[in-house]
J.: 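This is the structure, below, for whatever I ask next.
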Amino acid sequence: MSNNSDLKRQIDTELKPAAGELAKEHEALKVRFEKIVAELSEALRKPNPPLIKQHLEVLNGLMPTYAALLPRAKTLLARIEKLDAGDERSDEHKALVALTKSLGELQGKLDRNYLKLKWLQDKAHDALAAGKASGATIAQEWAEMESWMDAQSKAIKIRLEQIKTLHELALGSVTERDAAELAQLQRRNEERTGWTPTAADV
């Protein structure tokens, strides 16, 4: 147990300044986080993957700084818990109670906010991953469509060649038939040229 003069000096020169600096840093980061959280949340609602990625990078950059505040608050509270001012009516005891109250509230905020930030961070990562998966699915579907269209194009070209061949064969058949019929008529005409009908034919 420290004597009250040493305790007062420790409270005034170490604990209070450390708690004040911690609270100040928290407030400064809070302003920045409120802005990025609002912007990232809006990008997630759209959704807008490029904007999500941009805001997520800012969030990722700030997270380690914010995370570092949590152990500092716990360490400071642990130091205060080890101190004993003796008489609960003393100024030192009241100062320790006030510090414990403010730091305890700050630690609660830090813990809750950190969990919310991690949740938002995870949501952003999930949204980007889903966007990539969706893009991959679309690319796969388009590749399959292109493959099908290419196969259909080749099949149509082959069918067109078949139709041309059939058309040429049909024209040839007509030509051959006409030539055969013409030859038959010519033979009959030739036969009739020297034909002398008999009484029976008449």
J.: Is there a path of hydrophobic side-chain contacts, each under 4.5 Å between heavy atoms, that joins L69 and V37?
T.: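 Yes: a chain of side-chain contacts under 4.5 Å links L69 to V37.
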
J.: So, are K24 and E21 salt-bridged, with charged N and O less than 4.0 Å apart?
T.: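 Between E21 and K24 there is no salt bridge, as every charged N stays at least 4.0 Å from the carboxylate O atoms.
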
J.: Evaluate L117 against L62 for side chain to side chain contact (heavy atoms under 4.5 Å, CB included), listing each step before the verdict.
T.: CA-CA 10 Å; L117 291 170; L62 289 174; over 6 Å; no

J.: As a quick check of understanding, evaluate salt bridge (charged side-chain N to carboxylate O under 4.0 Å, His left out) for K109 and E105, giving each step before the final call.
T.: CA-CA 6 Å; K109 289 178 184 178; E105 291 173 352; 5.9 Å; no

J.: Can you find a pair of side-chain heavy atoms, one from H93 and one from R89, that are under 4.5 Å apart?
T.: no

J.: How far does CG of L44 sit from NZ of K123, to the nearest 0.5 angstrom?
T.: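 The CG atom of L44 sits 8.5 Å away from the NZ atom of K123.
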
J.: Give a yes or no on whether Y114 and I36 share a hydrophobic cluster (residues Ile, Leu, Val, Met, Phe, Trp, Tyr; joining criterion: side-chain heavy atoms under 4.5 Å apart).
T.: yes

J.: Distance from E81 atom CD to T100 atom OG1, nearest 0.5 Å?
T.: 7.0 Å

J.: Return the minimal non-hydrogen interatomic distance between E92 and I11, and the atom names on each side.
T.: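 That closest heavy-atom pairing would be O-CD1, 3.7 Å.
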
J.: Applying a strict under-4.5 Å side-chain criterion to I, L, V, M, F, W and Y, I'd like to know whether V31 and M63 cluster together.
T.: no

J.: Could you tell me whether the side chain of L83 reaches within less than 4.5 Å of the side chain of L15, counting heavy atoms only?
T.: yes

J.: Identify whether L99 and L77 are in the same connected component of the hydrophobic contact network (ILVMFWY, side-chain heavy atoms under 4.5 Å).
T.: yes

J.: Quick check for you: to the nearest 0.5 Å, what is the distance between L115 atom CG and R112 atom CZ?
T.: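 The CZ atom of R112 is 10.0 Å from CG of L115, to the nearest 0.5 Å.
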
J.: Test side chain to side chain contact (heavy atoms under 4.5 Å, CB included) on K53 and L128 and set out the steps.
T.: CA-CA 7 Å; K53 184 179 179 182; L128 291 177; 4.1 Å; yes

J.: So, for L103 and A19, which heavy atoms are closest and what is the spacing to 0.1 Å?
T.: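 Here L103 and A19 meet closest at CD2-CB, 4.0 Å.
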
J.: Roughly how far, to the nearest 0.5 Å, is the CD1 atom of I52 from the NE2 atom of H125?
T.: 11.5 Å

J.: Atom CD in E39, atom CG in N48: separation rounded to 0.5 Å?
T.: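 It comes to 12.0 Å.
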
J.: To check you understand the geometry: which heavy-atom pair defines the closest contact between R9 and T13, and what is its length?
T.: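 Shortest heavy-atom separation between R9 and T13 comes out as O-OG1, 2.5 Å.
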
J.: I need the T65 OG1 to L29 CG distance, nearest 0.5 Å.
T.: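 Answer rounded to 0.5 Å: 6.5 Å.
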
J.: Among N113, L110, T75, whose side chain to side chain contact (heavy atoms under 4.5 Å, CB included) with L70 holds?
T.: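 That would be L110; it is the only one of N113, L110, T75 passing the side chain to side chain contact (heavy atoms under 4.5 Å, CB included) with L70.
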
